[in-house]
Amino acid sequence: MKIGDLEIFPTKIICLGRNYAEHAKEMNSQVPPEPIFFGKTINCLIKNKEPIIYPRILYENPEINRVDHEVELAFIIKKKCKNINPEEYEDFILGYTIFLDITARKMQKKDRGINLPWYRSKNFDTFGPIGPQIIEECENPHNLKIELKVNGEVKQSSNTKFMIFKIPEIIAYISKYLTLDPGDIIATGTPSGVGPILPGDVLEASIDKIGTLTNKVILEDSD
Ligand code: MG
């Protein structure tokens, strides 16, 4: 897919869970002793200005009718990466972008409550907007203002300096378990302030130096 001027061919999306202390707190969860990661499928991906489709299966069922925004800094893998040292992390990163880890929150909580994986709640089509561009140069990815607005109102506002596990550690850690391939997308977790979105809402996700990713929410099969 083309993000800004760069074409990437991701094989997978890996997301960090609970990587900001304030977010772990708002989810009534502990700060993890080592990184927690999970996968999203490629069919989650949409670009800047493309719509997030709110699935009817969620919208029409009060037990699972909550979908949340999570704004995250993401980085793109440049070359095959397995068992790397944290110090050499820069050699393996193509650049940085904005990712929205859209989540079916009630479904996630329900599944977690009975020890099921949260895979389905994270993997509806369009639940992974990305863009609007990939920046190849970033002096310090750990000091960027990160913000999410819904209909012009600020809902999440933080700085990437508050990440618990920093990028060198994240990439080294994940590469101990699986091979990262060129184009793969790693999302570094969301700060606090996550909340529900509804059909008709406009999401604007911004990170310093990268820009603003804008996506409207629409109901599945609506005109
Ligand atoms: Mg997330």
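Quick caveat, the model's predicted, so the values are computed rather than measured. In each ligand, atom 1 is the first atom listed, and ligand 1 is the first ligand listed. Numbers here simply count residues along the sequence, with the first being 1.
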Verdict with supporting geometry, Glu136 and Leu6, side-chain contact (heavy atoms from CB on, under 4.5 Å)
CA-CA 10 Å; Glu136 292 177 86; Leu6 282 180; 4.0 Å; yes
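- In this structure, Tyr59 has its ring center closer than 6.0 angstrom to the ring center of Tyr54.
- Under the side chain to side chain contact (heavy atoms under 4.5 Å, CB included) rule, Tyr96 has a single partner from Ile207, Ile167, Thr188, which is Ile167.
- Remark: Lys78 does not engage Asp91 in a salt bridge, criterion side-chain N to carboxylate O under 4.0 Å.
- Distances shorter than 2.8 Å separate the Mg ion (ligand 1) from the protein N/O/S atoms Glu70 OE1, Glu72 OE2, Asp101 OD2.
- Under the 4.0 Å criterion applied to side-chain N and carboxylate O atoms, Glu63 and Lys106 are not assigned as salt-bridge partners.
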Between Val194 and Met27, does the side-chain contact (heavy atoms from CB on, under 4.5 Å) criterion hold? Intermediate values first, please.
CA-CA 9 Å; Val194 301; Met27 301 305 288; 4.3 Å; yes
